[in-house]
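Below is one structure; the comments refer to it alone.
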There are 2 protein chains.
Amino acid sequence: MADGDRPIDNGVNVEALIAAREALTKAPEAAQFKWRAACEWKNGTYSHSTVEGFYGLGQEQQRKTKFTFDADHPEVFAAEDRGATPVEYVLVGLASCLTAGIAAVAQNRSIQLRSVTATIEGDMDLQGILGIDDNVRNGFNGIRVTYKIDADAKREDIEALVAQSQKRSAVYDIVTSPTNVTVVVN
Amino acid sequence: MADGDRPIDNGVNVEALIAAREALTKAPEAAQFKWRAACEWKNGTYSHSTVEGFYGLGQEQQRKTKFTFDADHPEVFAAEDRGATPVEYVLVGLASCLTAGIAAVAQNRSIQLRSVTATIEGDMDLQGILGIDDNVRNGFNGIRVTYKIDADAKREDIEALVAQSQKRSAVYDIVTSPTNVTVVVN
């Protein structure tokens, strides 16, 4: 409880998540999820992607909404900037994953959040993707995420929230540890 | 040239990209880019992200458009499904990066593309992010990308396009190789 009698409410149903953890501990096959997207090339570096169904809890899951995304390159790459770049999608994924985790952990620790904002920046040396220097990687040389958090908690507790979110973040793990990717042509 | 007199046109300005490669070979400091996003927590696992400016070619670059993205968890996680999940953003980034690369390489190799579609799927064992089993990773156990490509080229040339796109893809590199991520609280 914070602010006298007001219950802590960050909008996360932690009881349901804890119940899910218990249920999935007993039924690990239900914990096997498949997340998906489809991508259609439009023209140039411009593509349109959709996200809709996924598999989990032992069955196909349909959403009420289809989410759609345009990706492109910016004008400085002689493209038409009809969407965010693919690498910016990764930054959005990482920032939103850590932010959701902060809210969930805060709820579990009875910390009332008032505001959470993050800025995220990735450094890229274009000599990689342009094939100028094979010693330069194509991806980011490093990513920095900076949080501003207003919450009913001491600074050390807020820092501990962020640390716990990193520890359990799917996208943080994807970016910091290698994942096998298979690409095939049908 | 394909189809008799019609010039190959995949909508990629390869001449400009080759000129950029030459220019950046002589001025590697201009090849240092910073890509950015900002993320604002709304409620629960729901956040709103924006992508706008970036740094490159030695200066801040402003876009005409601000791109905005909602992220959330689905209803099976006791959330409200107000946006794609963070891990689906990574899948969109990977598919759109490889697809843009296929178009660029095809243009450079004078292959006319007619259609390119990709489906992408990542396997995740939720026992990781739920903290059930510390031996299970939080991220994807593996990702499969499947392309269907209709183009004026032999199958082996189409497969070579896809392979070259992987070789130069920023997001493919981010997902398959580790990147250092620093998270701080201001």
Side-chain angles (χ1 to χ4, degrees), chain A residues 11-13 16 21 25 31 33 35-37 39-41 43-45 47 49 51 67 69 71 78 84 86-93 95-97 99-100 116-118 120-122 124 126-127 130 132 138-140 142-145 147-148 170-171 173-175 179-183 185-186, chain B residues 11-13 16 21 25 31 33 35-37 39-41 43-45 47 49 51 67 69 71 78 84 86-93 95-97 99-100 116-118 120-122 124 126-127 130 132 138-140 142-145 147-148 170-171 173-175 179-183 185-186:
Chain A
V12 179
N13 189 340
R21 181 162 64 188
T25 302
F33 274 61
W35 301 101
R36 304 182 187 124
C39 179
E40 183 185 8
W41 174 66
N43 188 50
T45 52
S47 66
S49 292
V51 166
F67 303 113
F69 304 99
V87 296
E88 289 166 328
Y89 276 98
V90 175
L91 296 179
V92 168
S96 59
C97 196
T99 300
V116 180
T117 57
I120 181 167
E121 185 172 71
M124 183 181 290
L126 251 61
Q127 293 182 95
L130 287 172
I132 294 171
N138 296 319
F140 292 126
I143 296 173
R144 290 171 301 284
V145 189
Y147 272 100
K148 280 192 187 175
V171 180
D173 177 43
I174 292 166
V175 172
T179 302
N180 184 59
V181 178
T182 309
V183 185
V185 182
N186 248 1
Chain B
V12 179
N13 189 339
R21 179 162 66 189
T25 302
F33 274 60
W35 301 100
R36 303 181 187 126
C39 178
E40 184 184 8
W41 174 66
N43 189 49
T45 53
S47 67
S49 292
V51 166
F67 303 113
F69 305 99
V87 295
E88 289 166 328
Y89 276 98
V90 175
L91 297 180
V92 168
S96 60
C97 196
T99 300
V116 180
T117 57
I120 181 166
E121 185 172 70
M124 184 180 291
L126 251 60
Q127 294 183 94
L130 287 172
I132 294 172
N138 297 319
F140 293 125
I143 297 172
R144 292 170 300 285
V145 189
Y147 272 99
K148 279 193 188 174
V171 179
D173 177 44
I174 292 166
V175 172
T179 301
N180 184 60
V181 178
T182 309
V183 184
V185 181
N186 247 1

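To find a chain, count down the sequence lines: A is the first, B the second, and so on, and within it residues start at 1.
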Output the option from B/A118, B/A100, B/A16 having the highest count of non-hydrogen pairs under 4.5 Å with chain A.
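It is B/A118.
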Residue, of B/V175, B/N43, B/N13, that accumulates the most heavy atom pairs under 4.5 Å with chain A:
B/V175
Check B/V181, B/T182, B/N180 against A/I143 for a side-chain contact (heavy atoms from CB on, under 4.5 Å) and give me the one that passes.
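Of the listed residues B/V181, B/T182, B/N180, the side-chain contact (heavy atoms from CB on, under 4.5 Å) partner of A/I143 is B/V181.
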Nearest 0.5 angstrom please: [X] [atom1] to [Y] [atom2], how far?
{"X": "B/R36", "Y": "A/R144", "atom1": "CZ", "atom2": "CZ", "result": "9.0 Å"}
{"X": "B/Y89", "Y": "A/L91", "atom1": "OH", "atom2": "CG", "result": "13.0 Å"}
{"X": "A/F140", "Y": "B/D173", "atom1": "CZ", "atom2": "CG", "result": "10.5 Å"}
{"X": "A/L126", "Y": "B/R21", "atom1": "CG", "atom2": "CZ", "result": "12.0 Å"}
{"X": "A/T179", "Y": "B/M124", "atom1": "OG1", "atom2": "CE", "result": "9.0 Å"}

Atom of [X], atom of [Y] and distance for their closest heavy-atom approach:
{"X": "A/V171", "Y": "B/V90", "answer": "CG1-CG2, 3.7 Å"}
{"X": "B/I174", "Y": "A/G139", "answer": "CG1-CA, 3.7 Å"}
{"X": "A/A37", "Y": "B/V92", "answer": "CB-CG2, 4.1 Å"}
{"X": "B/S47", "Y": "A/T99", "answer": "CB-CG2, 4.2 Å"}

Chain A contact via [X] - side chain, backbone, both or neither, heavy atoms under 4.5 Å:
{"X": "B/S49", "result": "side chain"}
{"X": "B/S96", "result": "both"}
{"X": "B/V51", "result": "side chain"}

Interchain contact, A/V87 with chain B, by part (heavy-atom threshold 4.5 Å)
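For A/V87, heavy atoms of backbone and side chain both lie under 4.5 Å from chain B.
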Contact class of A/F69 relative to chain B, heavy atoms under 4.5 angstrom
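The side chain, not the backbone.
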Return the option, out of A/A71, A/C39, A/G93, A/G142, with the maximum number of heavy-atom pairs under 4.5 Å with chain B.
A/C39
As an exercise: rank A/T117, A/V116, A/V12, A/T45 by heavy-atom pairs under 4.5 Å with chain B and give me the winner.
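Ranked by contacts with chain B, first place is A/V116.
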